[in-house]
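Since we're looking at a predicted model, the values are computed, not measured. Sequence lines set the chain letters: A, B, ... in the order given, protein chains first and strands last, and positions in each chain run from 1.
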Number of protein chains: 2
Amino acid sequence: MQKPTIKDIAKALNISPSTVSRALSGKPGASEELRRKVIDTAQELGYMKNLSAGTLKNSKSKIIGVIAFDIRNPFFLEFLKGVEDVLFPREYKILLSNVDENVDKEKTYLNWMIGHGVEGILASPVTEKTGKSNLRLYQDFFKMGIPIVFYDRLFYNQDQFDHVIVDNQDVIIQALIHLKENGHEKIGIFLSKKGIFTIEERLKGFLKGCKLLNIPVKKEWICEDIYPHEKAIEVLNGLKRKNNLPTAIIATNNNLTKYIVYAVKKNNIKIPEELSLIGFDDSLENELIDPPLTTIKQPILEEGKIAATSLLSRIEDRYARPMRVVLKGELIERKSVKNLKS
Amino acid sequence: MQKPTIKDIAKALNISPSTVSRALSGKPGASEELRRKVIDTAQELGYMKNLSAGTLKNSKSKIIGVIAFDIRNPFFLEFLKGVEDVLFPREYKILLSNVDENVDKEKTYLNWMIGHGVEGILASPVTEKTGKSNLRLYQDFFKMGIPIVFYDRLFYNQDQFDHVIVDNQDVIIQALIHLKENGHEKIGIFLSKKGIFTIEERLKGFLKGCKLLNIPVKKEWICEDIYPHEKAIEVLNGLKRKNNLPTAIIATNNNLTKYIVYAVKKNNIKIPEELSLIGFDDSLENELIDPPLTTIKQPILEEGKIAATSLLSRIEDRYARPMRVVLKGELIERKSVKNLKS
DNA sequence: CTGAAAGCGCTAACAG
DNA sequence: CTGTTAGCGCTTTCAG
C-alpha cells in the first residue's frame, strides 16, 4: 500500500492530474460535480497532498522554523504554545530546534531550516562570551528575503530585523524600586551566562537603576556568568561563608531562581527574614514555594503570539517596515521581600 | 539575491549539475580536486541543499513528526530534549505539534506530517472520554509502512506498534506500599482527564494495589476526570467542607500535583501533619515546595531518547519485530508523607 | 471546463 | 571521471 498521489485519483476517475489538482485546490476550472467526485475519491483512497512537491514548485512550505536557545527552559512551554495558537489556524507548522546556547548548533539548524524551505524563522539568537554569533548568517538570510523575527533576544544595531522582546532594563528597575521602597540598600543580582542579550540588558538595568535610586553598587554582589545554573549554589555558599550576604537578591532567570531558593534553604537562611529574594519568570510554583516568591513576570504567551503574528505579516509583505515590539513585564508581589523599614 | 541552487554552482564552474551533486554528496564519481572546488564555490555562494527536492526524489525528508498531547505539559521539556539529543547527531529534525488533547487536531497534524513526508512519527495518542480516537488513522499509516512509535500512551490490543511507556500501575503500587508502610489506610487519588491511557492505568494500579495491600477503597476518594486541572482545587475544597479528607492523597500528574498543593495551602491544611501527599513527575520544584514533596518520578529524558532511538531503528528496518519498552519509575522519598505509626 | 506539457531542485541510471 | 536524461508530485501556463 503506497501513498496515493494525484495521479491515482486521476486514473480512478479517468481524468487528468491537472484537473484533479484544480479540483482539490478549489481553484476555478473544474465543475462542481467533478470537484465533488474528486474530493470523494481522494477521501476514499486516503489521499494526502505531498507538501514537499508544492514546496519545490512554489516554495510555500507552510513551515516556520523556531530557533530555541535551550528547550529545557520552561520559557518555551509558554512561548511555543503562543506560537502554535497563532500558526495552527493558518496551517503553518513548527520545525523545532534546540541549540543549547551553542553558536555552531544554531548555525546547523539555521541551514537545515533554509534547506527545508521554511517560510520564515523565529529566532532567539545565541551570542557567546567572546561575542561570536551567527549575525552574518542572519544578515545573509535577510538579504535573501527570508522573513526573520527575533524574540526574547536580538542583535544590537541591527534595526532592519523585526523583533519582539521584553523591556529587560525596566523590569529590573521595577524590582529595584520595590526593594528600595522596602528599605533595601544592599542588593545583589545573579546573572546567567554572559554575553546573552537579555542578561546584559538586565545587568544594565541593574546598574542604571542603582544609580537612579542611589543604591550603592558592590562588585561582589553582582554575580555574573552563573552557568550552568547549578553554580548559583556555590556562589551563594561563598557569599554566606564570607558573611557577605546582601539583604536582597534579584534573580534574572527562572532556573537561577530555583537554584537560589535551593541554596538558600540548604544554608538555612530564612526568606525573607534574613534575605529577601525576587524571582524571575512567574509560574505556579513560585506561588507554592515557601515563602511565595515575589517575582518578575514576563508576558511570555503573548510574546509567542506576537512573534508568530509578526512573522506571518512579514511573510505576507517582505517589504513592510521593520516591526519592533517591546513588551512590559510586571512585578508580582508576594512574600519574599521583607520590609526593613517596619 | 535568490537562494543559489546546484545549477548556479555548475554554471560558475562550467560543469554539469549532476557532477556538483555527486561532489557535494561525497558519492564516488568526482575527482578530489573538483570536489574541493565545488565545495568552495558552494560555500562562497552560500549554497544550501534544497531538502524538499530530495524528499520528493527519494522520500528521505530527514524529518520526524512529534505528536504532543499538550505542549504546556512540563513533560515535554524533558521528553523533547531526550528526542533531540538522539536526532540531532543523525541529522533528523523535529516537526512539532500540539494537539491539546483534541482528537480532531491530532488528525489534522497527522495528515500534515504525512504530507510533509516525515520519515516517522513519535506519538502519544489522544483518546476521548467517549473512546473516540485516531486508531484507524494510525492503522492506515502502519499499513502504508510509516514508522510509528507510541510514547507515554498507547492503544490496547494493538501489539503491532512499537512503544515506550512507563509502568504506570507499578508506580502507583509503589506509592501505595510506601503509604501503607507509614500506616495509611485512608488513601485518595486524584486523576486527570478520563479515557487517557496513562490515567486509566494509574487508576488500575490504584485499585489493584489497594486490593493487594488490603486497603479499603472509598469511592469519594477516587477523584476522576479532574480536567482542566484547576478543578483539583474545588474537589479538594469539597472534601474538606464535608470533613471527609483521607489521610493521604496520590496525585497522578505534575500539574495536578501543583494545584493540590495550592488548594491544600489555601485551606490551611498542613502537609504532612494533617494530610500526606505524593506528587507525580519529579522536578526541582518538588524539592523546594514546603514541605519537599515525596514524588513518583518517571524517567522522561530516557523515555525520549529510547523513543527516538526506536523510531530510527524502525525507519532503518520496517520489518523488524515490534519493539515494546516498559520503563520503571521510582518513588523519591522526601517529607510530605507522615508516619502514622510513630 | 478540461487535457497536455513544462518545470521547481535534486538524484540516479545510463552513456560516453 | 563526467555529462545527459528522466522523473519524484504538484501547479501552472498554454491549448483545445
Side-chain angles (χ1 to χ4, degrees), chain A residues 2-39 41-42 45-63 91 111-119 144, chain B residues 2-39 41-42 45-63 91 111-119 144:
Chain A
Q2 271 296 308
K3 274 197 234 178
T5 77
I6 211 170
K7 275 189 194 163
D8 297 313
I9 301 176
K11 221 173 285 170
L13 260 56
N14 247 315
I15 55 175
S16 81
S18 36
T19 307
V20 175
S21 171
R22 276 187 293 252
L24 250 24
S25 62
K27 295 242 169 75
S31 66
E32 260 319 304
E33 197 201 330
L34 192 64
R35 190 187 304 281
R36 205 139 347 131
K37 265 201 274 184
V38 168
I39 292 173
T41 46
L45 298 176
Y47 170 79
M48 179 62 215
K49 181 156 88 171
N50 180 328
L51 296 160
S52 303
T55 304
L56 188 53
K57 185 65 186 165
N58 50 27
S59 51
K60 291 229 175 305
S61 62
K62 286 288 200 171
I63 298 182
E91 305 195 358
N111 280 319
W112 282 349
M113 285 176 177
I114 297 305
H116 281 292
V118 297
E119 290 190 50
M144 285 163 55
Chain B
Q2 271 296 308
K3 272 195 235 178
T5 76
I6 211 169
K7 276 189 194 165
D8 297 313
I9 301 176
K11 223 173 285 171
L13 261 56
N14 248 317
I15 54 174
S16 82
S18 39
T19 307
V20 176
S21 170
R22 278 186 292 251
L24 251 22
S25 63
K27 296 240 168 75
S31 65
E32 260 320 303
E33 195 200 333
L34 193 63
R35 191 186 304 280
R36 205 140 345 130
K37 264 202 273 183
V38 169
I39 291 172
T41 46
L45 296 176
Y47 169 79
M48 180 61 216
K49 181 154 85 170
N50 180 329
L51 296 159
S52 303
T55 304
L56 188 54
K57 184 67 183 167
N58 49 26
S59 51
K60 291 231 175 302
S61 62
K62 286 290 200 171
I63 297 182
E91 306 195 359
N111 279 318
W112 283 349
M113 286 175 174
I114 297 306
H116 280 292
V118 297
E119 290 189 51
M144 283 162 55

Here the distance between atom P of D:dG9 and atom NZ of B:Lys60, to the nearest Å, is 14 Å
Atom CG of B:Asn50 and atom P of C:dT11 are separated, to the nearest Å, by 10 Å
Rounded to whole Å, CD1 of A:Ile114 lies from P of C:dC10 at a distance of 14 Å
- prompt: Can you find a side chain N or O atom of A:Ser52 that sits less than 4.0 Å from OP1 or OP2 on D:dC10?
  reply: no
- Presence of A:Ser16 side-chain N/O under 4.0 Å of C:dG3 phosphate oxygens OP1/OP2: yes
From CG of B:Leu45 across to P of C:dG9 the rounded distance in Å is 14 Å
(request) May I ask you to test the B:Ile9-B:Leu24 pair for a side-chain heavy-atom distance under 4.5 Å? (result) yes
Could you check whether any side-chain heavy atom of B:Leu13 comes within less than 4.5 Å of a side-chain heavy atom of B:Val20, counting everything from C-beta outward?
no
Considering only distance and modelled atom types, tabulate donor-acceptor pairs under 3.5 Å from the side chains of residues 45-56 of chain B, sequence neighbours left out.
unit_1	atom_1	unit_2	atom_2	d
B:Asn50	OD1	B:Ser52	N	2.9
B:Asn50	OD1	B:Ala53	N	3.1
B:Thr55	OG1	B:Leu51	O	2.8

With B for base contact, S for sugar-phosphate-only contact and - for none (protein heavy atoms under 4.0 Å), nucleotides 11-16 of chain D reads BBB---
More than 12 non-hydrogen atoms from neighbouring residues, nucleotides or ligands closer than 6.0 Å to NZ on B:Lys37, yes or no? no
Atom CG of A:Leu51 and atom C1' of D:dG9 are separated, to the nearest Å, by 11 Å
- Determine: side-chain N/O of A:Lys7 to OP1/OP2 of D:dC8, distance under 4.0 Å, yes or no. yes
note: A:Lys3, atom NZ; D:dC8, atom C1'; distance rounded to Å ~ 12 Å
Considering only heavy side-chain atoms of A:Ile15, the closest of C:dG9, C:dG3, D:dC10 is C:dG3
The answer to which of B:Ala53 and B:Asn14 contacts DNA chain D further toward the 5' end, by nearest nucleotide, is B:Asn14
To the nearest angstrom, the CD-C1' distance between A:Glu32 and C:dC1 comes to 12 Å
Here the distance between atom C1' of D:dC1 and atom NZ of B:Lys37, to the nearest Å, is 14 Å
Rounded to the nearest 0.5 Å, the CD1 atom of B:Ile39 sits from the CG atom of B:Leu34 at a distance of 10.0 Å
- Item | NZ/A:Lys11: more than 12 non-hydrogen atoms of other groups inside 6.0 Å | no
query: So, are A:Glu32 and A:Arg35 salt-bridged, with charged N and O less than 4.0 Å apart?
result: yes
